[in-house]
Number of protein chains: 2
Amino acid sequence: MAVYTDVTAEELSRFLAGYAIGELLSYKGIAEGVENSNFLVHTSTGNFILTLYEKRVAEGDLPFFLGLMEHLAARGLNCPQPVKNKDGGILGRVAGRPAAMVTFLEGMWHRKPTAVHCAGVGEALANLHLDGADFPMTRPNALSVNAWRPLFEHAGARGDSVRPGLCNEIVAELDVLETSWPRGLPQGVIHADLFPDNVFFLGDTLSGLIDFYFACTDTLAYDVAICLNAWCFEPDHSYNVTKGRALLGGYNKVRPLDAGEREALPMLCRGAAMRFLLTRLVDWLAVPEGALVKPKDPLEYHRKLRFHQTVKSAADYGL
Amino acid sequence: MAVYTDVTAEELSRFLAGYAIGELLSYKGIAEGVENSNFLVHTSTGNFILTLYEKRVAEGDLPFFLGLMEHLAARGLNCPQPVKNKDGGILGRVAGRPAAMVTFLEGMWHRKPTAVHCAGVGEALANLHLDGADFPMTRPNALSVNAWRPLFEHAGARGDSVRPGLCNEIVAELDVLETSWPRGLPQGVIHADLFPDNVFFLGDTLSGLIDFYFACTDTLAYDVAICLNAWCFEPDHSYNVTKGRALLGGYNKVRPLDAGEREALPMLCRGAAMRFLLTRLVDWLAVPEGALVKPKDPLEYHRKLRFHQTVKSAADYGL
C-alpha cells in the first residue's frame, strides 16, 4: 500500500483541465502498488487511475511502459490504457512528479488463486507475449542474471542475519546460474512481475492485467518461470502441480513453448526465485528496526528456490 | 492513510450477498481516515464506502455513530448514509471486524481552505447541530476536560522531550481549564473532529461531511471552537480573522450563538487546542524511533493554545 505524494484538489483540477475527460467529482489515494502513488479519480465521464511516478521508477523508462500499455490495449489485451491529453501526450506532471492517467479496469485480484485462475493467467501471459511481438521499443531487464550478484553484494554478509548459512547458499546458486543461464531462447516483451495482485478477475474470468512498471525485453519463457513461482505454490510453500499444469496448459494453448524453452524451464525457475529472493532480501535489510511497515518475507523465495533445485525436468512442473 | 485489515474478494462477495446493491465489480483500499480501514467498493449499482472498524473504535459506540449518520442524512444533511442490508441491519462483520457500508459522497477536501470554505463549514456545522437536536441517543465526550489530565499523565514527563518546559505549561493550563471550563451552555450532538479532510466541496460549494467517529453529546459551541482551531489558522500558525469571521458568520446565520456561548468562546478554544495538543502528543511519543510513519505535530496546537491565551473576547475571533 502506498501514497507517497499528496495531491491537492487544485493541482488535480489544473492537470485535468488538459484532458477531455469531464469534470473532477472526487479522488482517493488508493492502497495499491508499492513503487508509485495511485489515485482513483472519478470525473463526470467515468473512473480513471492517476499514477504519480516516484523515485524508484526511472523517468526515462516511462515512454516504454506507457507506450507498451497503449500498444497492448490497441491489440485488445485488457490492460490500463493511457489517456491522451488535449495535446495528444500521455505523460504529464502533478505535484512535481511525472504522472499519467490510465483507464480504470474492473475486477478483483485473488489472494488464493485456484487452478482455474492459473489457467487464465497462463493464457493471458501468452497473449501478452504475442501482442508484444511487434512493439518497437526495447528495454533491457535491469533485474536479470547479471544484476543478481551486485544485488547480493549490496545486501552483503547481513544476509546470514535473516537465516544462518543463507549467504553461502546464494553464492553457490549464483555460480550455477551465471554458468548455466539459458541463452538464445525466444525474446520479446515480458511483464516480469505478473503476481496475483496484478491480475484482475470478475468471477473466474480474467478481466485485466496491471502494473507494467517492470516490463522489459527478455526471454519469454523467463516470464513463465516468474508466474510459476508467483502462482503455483501453496501458503506452506509446497509446489502445486495441478496449478502448474493449468498455468502451463493455458500458456501452451496460445503460444506453445518450444523444446529449448521446455528444457530451460527448471533453470529459469531457479533464476526467477533468486531474483525475488534477492530484491526482497535487500528490502528486508533496508527497513529500520521498529518500523511499522513489514516488507515481504525473502525466505519464501529461498524455499521455492530449494524446490526448483530438486526439479529434474519441465515435466515436474506439470508440462 | 490506512488500510489495517486486508479483505479478500471472496469475503467481500459473501458480505455483499446480504445487500441489495448489485454485483461486486471492483474494490480498492483507500488512504483515508486514521482509525479504520476503508474501501471504495464499486458495484453494478454505484459506488459505496465499506468501513472496517479497527480496535480504536469501541464496538458499543457504533450504533450511535451509524444511527447519527442515518438520522442526519434523513434530515437532508449531506453525510454518508448507512446502507441497510436485506435484514434491515446496518452493522455487519467482514474479516473478523465490525463493518458497515455507507453511500459514497462526491467532492474533494481542501488542503488550503479559503474564507468561502470557512463560511460553508460554519453553516454546515450549525445545520448539523440543529438536525441533531432530536437525535434520541447520547454518547458522552470521552475527550473533554475531564479526560485531559489523565491523557497528559499518560504522556508523562516525556512531553519535555518534544519541547523543553512543555509539561509545566500544560499543567498550568489544565489548572485554568478545569477551574474555568464553561458549564450550562446549550448541549447536543457535536461532530468533534470537523477538520478540513472531513469536509468535501465541489468547487466552492460544500458537498458533504464525513467521519462521525468522534461524534458525541457535548457543548455545541465547543464544536465551533474545534472548527476555529482547525480551519482559521495559517500554515505559520497565525490566526486569520477573515476566516474566523466567515466561519462564525456562516454558523450564526443558521444558529446564532447566544450571549453565554459568545462569552465562553475563548475558553472553549483553549480547551479545543489542549485536546488536540494532548492526543497528538501521546501519538507522537508512541511512535518507535526510526518508524516510517510520522504522526501529526503536537506543537502546532501548542502555538494555537498560546494565541487563545492572549484573546480578550470573542470579538478577537471575528465575531
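Because the structure is a prediction, the values reported are computed rather than measured. Excluded from the calculations below are hydrogen atoms, water molecules and symmetry mates; all remaining heavy atoms, backbone and side chain alike, are included.
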Check: Considering all heavy atoms of both residues, which atom of B:Ser26 and which atom of A:Met108 are nearest to each other, and what is their separation?
Finding: CA-SD, 3.5 Å
Notebook entry, point to check: Between B:Glu10 and chain A, which part of the residue has a heavy atom less than 4.5 Å away: side chain, backbone, both or neither?
Noted result: side chain
Check: Any idea which heavy atoms bring A:Leu202 and B:Leu25 closest together, and the distance?
Finding: CD2-O, 3.5 Å
Note to self: Are more than 12 heavy atoms, taken from residues, nucleotides or ligands other than B:His237, located less than 6.0 Å from that residue's NE2 atom?
What the structure shows: yes
Margin query: Using heavy-atom distances under 4.5 Å, tell me whether B:Leu24 contacts chain A through its side chain, its backbone, both, or neither.
Written below: both
Item checked: Where B:Lys28 and A:Ile30 come nearest, the two heavy atoms and their spacing -> CB-CG2, 3.8 Å
Check: Hey, is NZ on A:Lys86 packed in by over 12 heavy atoms from elsewhere, all under 6.0 Å?
Finding: yes
Notebook entry, point to check: Of the backbone (N, CA, C, O) and the side chain (C-beta and beyond), which part of B:Phe201 lies under 4.5 Å from a heavy atom of chain A, both, or neither?
Noted result: neither
Check: Based on non-hydrogen pairs under 4.5 Å, which of A:Ser207, A:Gly107, A:Ala9 is most in contact with chain B?
Finding: A:Gly107
Notebook entry, point to check: Hey, what do you get for CZ (A:Arg111) to CD (B:Glu11), rounding to the nearest 0.5 Å?
Noted result: 8.5 Å
